[in-house]
Amino acid sequence: MAAIKGDDEQSLNLYIQDFRTKFITLNEESTNQGVKDMYKDSMRKLTDVWSRKYRDGEQMIEKVEELRNEISLQNKRIEEKQEQLLQEIAKIKENENANVELAKHLQELKEELNRKRELALTNKKANKDRLKELQKSAALFTNRLGLEIRKLRGDKLQFVFRCINPKDLEQPYSCIISFNEDGDYEGILRLQYA
């Protein structure tokens, strides 16, 4: 902008000097009125040209200032958006980390559940085997000793024995066994006539 103004000033100075030279060389008395008119016309033209250029320059300066203001506002908006994006990225990373941890924890729980299932299946199979053995033993005791097992209220079992008295094989004798809080057997070992 300054270079344009400098070139315009130089051309103006050259034009004014040229005009002055022409003006001085002319006869002052004979062409005075014509020169004055020509001078006025040229000054009016120059004034119009320079006024337009000045207004154009002022408008350009205003546009440049407006653009600078818009650019600074856009830069502020961009910075705010970048800040928001960084915060969102941090939240996403936190969520991803939490998801990874939850997935690990879920996998551990699944593995533990599978171990417990396997243990339960193993225990169930062992219990079935023991139950078969106990049923065989119970059948043997029932047939040989006349044993009968009855479940009473709570965790109590009543064992009724027959075939104890050789004089009366059908005479029943019984005892009651229960479980305590620790899961151990407690027995009332009174053999009594049922």
Write down the atom of [X], the atom of [Y], and the distance for their closest heavy-atom approach.
{"X": "K151", "Y": "L157", "answer": "CA-CD2, 3.9 Å"}
{"X": "R162", "Y": "E170", "answer": "NH1-O, 3.0 Å"}
{"X": "T47", "Y": "M43", "answer": "OG1-O, 2.5 Å"}

### Task
Please assess K156 against I177 for the test side chain to side chain contact (heavy atoms under 4.5 Å, CB included), listing each intermediate value before the final yes or no.
CA-CA 6 Å; K156 295 181 180 180; I177 297 178; over 6 Å; no
Calculate, to the nearest 0.5 Å, the distance between atoms [atom1] and [atom2] belonging to [X] and [Y] respectively.
{"X": "L109", "Y": "N114", "atom1": "CG", "atom2": "CG", "result": "11.0 Å"}
{"X": "E148", "Y": "S174", "atom1": "CD", "atom2": "OG", "result": "10.5 Å"}
{"X": "L134", "Y": "L140", "atom1": "CG", "atom2": "CG", "result": "12.5 Å"}
{"X": "N97", "Y": "I92", "atom1": "CG", "atom2": "CD1", "result": "12.0 Å"}
{"X": "W50", "Y": "D56", "atom1": "CH2", "atom2": "CG", "result": "11.5 Å"}
{"X": "E66", "Y": "I71", "atom1": "CD", "atom2": "CD1", "result": "12.0 Å"}

### Task
State plainly whether one hydrophobic cluster holds both Y173 and I149, where clusters connect Ile, Leu, Val, Met, Phe, Trp and Tyr through side-chain heavy atoms under 4.5 angstrom apart.
yes
#### Entry: Verdict with supporting geometry, K63 and M60, side chain to side chain contact (heavy atoms under 4.5 Å, CB included)
CA-CA 5 Å; K63 286 182 181 179; M60 288 184 75; 5.6 Å; no
### Query
Between D41 and R44, is the closest basic N to carboxylate O distance under 4.0 Å?
yes
### Query
Can you list every salt bridge (charged side-chain N to carboxylate O under 4.0 Å, His left out) pair that touches residues 93-109, not counting sequence neighbours?
none
### Pairs touching residues 72-85 that satisfy salt bridge (charged side-chain N to carboxylate O under 4.0 Å, His left out), sequence neighbours left out
none
### Query
Counting only N and O atoms by type, is there a donor-acceptor contact under 3.5 Å from the side chain of N127 to the main-chain atoms of N123?
yes
### Derivation of the salt bridge (charged side-chain N to carboxylate O under 4.0 Å, His left out) call for E65 and R68
CA-CA 5 Å; E65 285 300 317; R68 282 183 183 163; 3.2 Å; yes
### Message
Could you tell me if Y15 and Q17 have a donor-acceptor pair between their side chains, going purely by distance under 3.5 Å?
### Response
no
